[in-house]
Amino acid sequence: MKLLITGGCGFIGSNFIHYILKKYSNYEIVNLDALTYAGNLENLKELENDSRYEFIKGDITDEKLVNKLVKKSDIIVHFAAESHVDRSILSSGDFIKTNINGTHILLEAVKSASRRNGNKRFHHISTDEVFGSLKPKSPAFNENTPYDPRSPYSASKAASDHLVRAYFHTYDLPITISNCSNNYGRYQFPEKLIPLFVTNLIEGKKIPVYGDGGNIRDWLHVEDHCRAIDEIIHNGKIGETYCVGGNSEKTNMEITRAILKIMGKKNREIEYIKDRPGHDRRYAIDFSKIKKELGWEPKISFEDGMRETVEWYKNNKKWWRSIKSGKYQEYYKEQYGSPE
Ligand code: NAD
Ligand code: TYD
């Protein structure tokens, strides 16, 4: 089986490549990644000499390259995206280009390759953020929840989901979509809540909580997410969407306290800062469809997953220090006006 992975040098994509090559000895993977600020070849260093793995530096908006790579693949798993809400608030051009135009170019390539070389399976990785913001007591998002994106990031992901579904209905492309909740685990770029807080604390810096810290996310360990994608690409029903969640709704303050406790730090490390504009209050996922149809449910408890994740960042300082001393620092300054 030949897989084309887009965005495989990012957080979830690199975890997925490790997961697949460990599980399926006869699978081959081509990883197409533009190596934006978020892409990191270090995530896949162990695979450099694995004959089943090939890295291609390139952009998903490069039609010619995408056409060539899609033709040679059986399954395309599309992770590549601009993925950070705060960045999309500062500047959204790249979000439109990669998340919408890039997905469109991939779909066109799948459409023309499927006509000539038999069907290509396309799986699109999306987010629960396309559904908007939940009230405290509202039922969790499911596959029938209407779309209501509220940030440039979530709007661009929503647009790409609509395109993927349109290509199923209009051209019969064999697609599936998964909308998952907030992931955490190894190789997550330290601009996102959990790795930012863990690495700041290791560096003796403050941890910036937005607003009152009462916003809720449903946390999913990246390994559980990889298992869900594996189930969907092999056993999912064509044309269907699957919501994937961690059964672990937590306020940002609960996450903050959990991290402080694991790391033996005190509340005084917290710095309450200006809230994110349009900050979605709550996300939660009802994953009963994928549980019923594919037998998937999250296995890693939040407590175990967090302990393991903190340990990983403690043991891999070289990985995140090189990131934090580079472009990330400039970004932080631009956002908050002063160094951390
Ligand atoms: P990430 O930002 O860590 O990685 C994105 C990767 O895509 C990087 O390697 C980057 O170099 C690559 N990329 C960006 N633009 C590209 C382009 N034009 N061409 C080729 N490669 C490009 O993202 P992530 O957190 O791993 O997220 C992966 C996917 O999962 C995204 O589609 C995101 O929307 C979705 N998602 C993420 C989360 C989460 O909690 N991280 C939750 C739900 C959904
Ligand atoms: P983030 O990891 O950026 O993911 P998303 O916005 O896609 O959910 O943020 C998770 C939550 O943590 C969100 O409510 C914003 C909040 N947050 C902070 O309070 N401080 C921070 O420095 C960051 C990055 C996020």
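Order of listing sets the numbers, starting from 1, for every ligand and every atom in it.
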*Asks:* Where on His279 is there a heavy atom closer than 4.0 Å to ligand 2, on the side chain, on the backbone, on both, or on neither?
*Replies:*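 Side chain only.
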
*Asks:* Backbone or side chain, does any N or O of Leu32 fall under 3.5 Å from an N or O of ligand 1?
*Replies:*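 For ligand 1, there is no N or O atom that lies under 3.5 Å from one belonging to Leu32.
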
*Asks:* May I ask you to check whether Ala80 has an N/O atom sitting below 3.5 Å from an N/O atom of ligand 1?
*Replies:*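 Among all N and O atoms of Ala80, none is under 3.5 Å from an N or O of ligand 1.
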
*Asks:* Number the atoms of ligand 1 from 1 as they appear, then name those within less than 4.0 Å of a heavy atom of Thr127, with their elements.
*Replies:* 43 (C), 44 (C)

*Asks:* Identify the closest protein heavy atom to atom 19 (N) of ligand 1: which residue and atom is it, and at what distance?
*Replies:* Ile60 N, 3.0 Å

*Asks:* Looking at Leu65, is its backbone amide N or carbonyl O close enough to the side chain of Asp62 to form a donor-acceptor pair, meaning the two atoms are under 3.5 Å apart?
*Replies:* yes

*Asks:* Say whether Leu196, considering both its backbone and side-chain N or O atoms, lies within less than 3.5 Å of an N or O atom on ligand 2.
*Replies:* no

*Asks:* Hey, is ligand 1 close enough to Lys157 that some N/O pair sits below 3.5 Å?
*Replies:*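 The answer is yes, given that Lys157 and ligand 1 share an N or O pair closer than 3.5 Å.
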
*Asks:* Please indicate whether any nitrogen or oxygen in His78 is less than 3.5 Å from any nitrogen or oxygen in ligand 1.
*Replies:*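 By distance alone, the answer is no.
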
*Asks:* Give the numbers and elements of all ligand 1 atoms closer than 4.0 Å to a heavy atom of Asn183.
*Replies:*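 Going through ligand 1 atom by atom, the ones under 4.0 Å from Asn183 are 39 (C), 40 (O).
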
*Asks:* Using a heavy-atom cut-off of under 4.0 Å, does the side chain or the backbone of Asn182 touch ligand 2, or both, or neither?
*Replies:*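 The answer is the side chain.
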
*Asks:* For ligand 1, find out whether one of its N or O atoms is nearer than 3.5 Å to an N or O atom of Thr61.
*Replies:* no

*Asks:* Between Ser83 and ligand 1, does any nitrogen or oxygen pair lie at a separation below 3.5 Å?
*Replies:*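 In this structure, Ser83 places an N or O atom under 3.5 Å from an N or O of ligand 1.
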
*Asks:* Numbering the atoms of ligand 1 from 1, which are under 4.0 Å from a heavy atom of Gly58?
*Replies:* 19 (N), 20 (C)

*Asks:* If we only count N/O pairs under 3.5 Å, is Thr98 in contact with ligand 1?
*Replies:*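 Yes; the residue has a nitrogen or oxygen that sits under 3.5 Å from a nitrogen or oxygen of the ligand.
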
*Asks:* Select one of side chain, backbone, both or neither to describe which atoms of Tyr37 lie under 4.0 Å from any atom of ligand 1, heavy atoms only.
*Replies:* neither

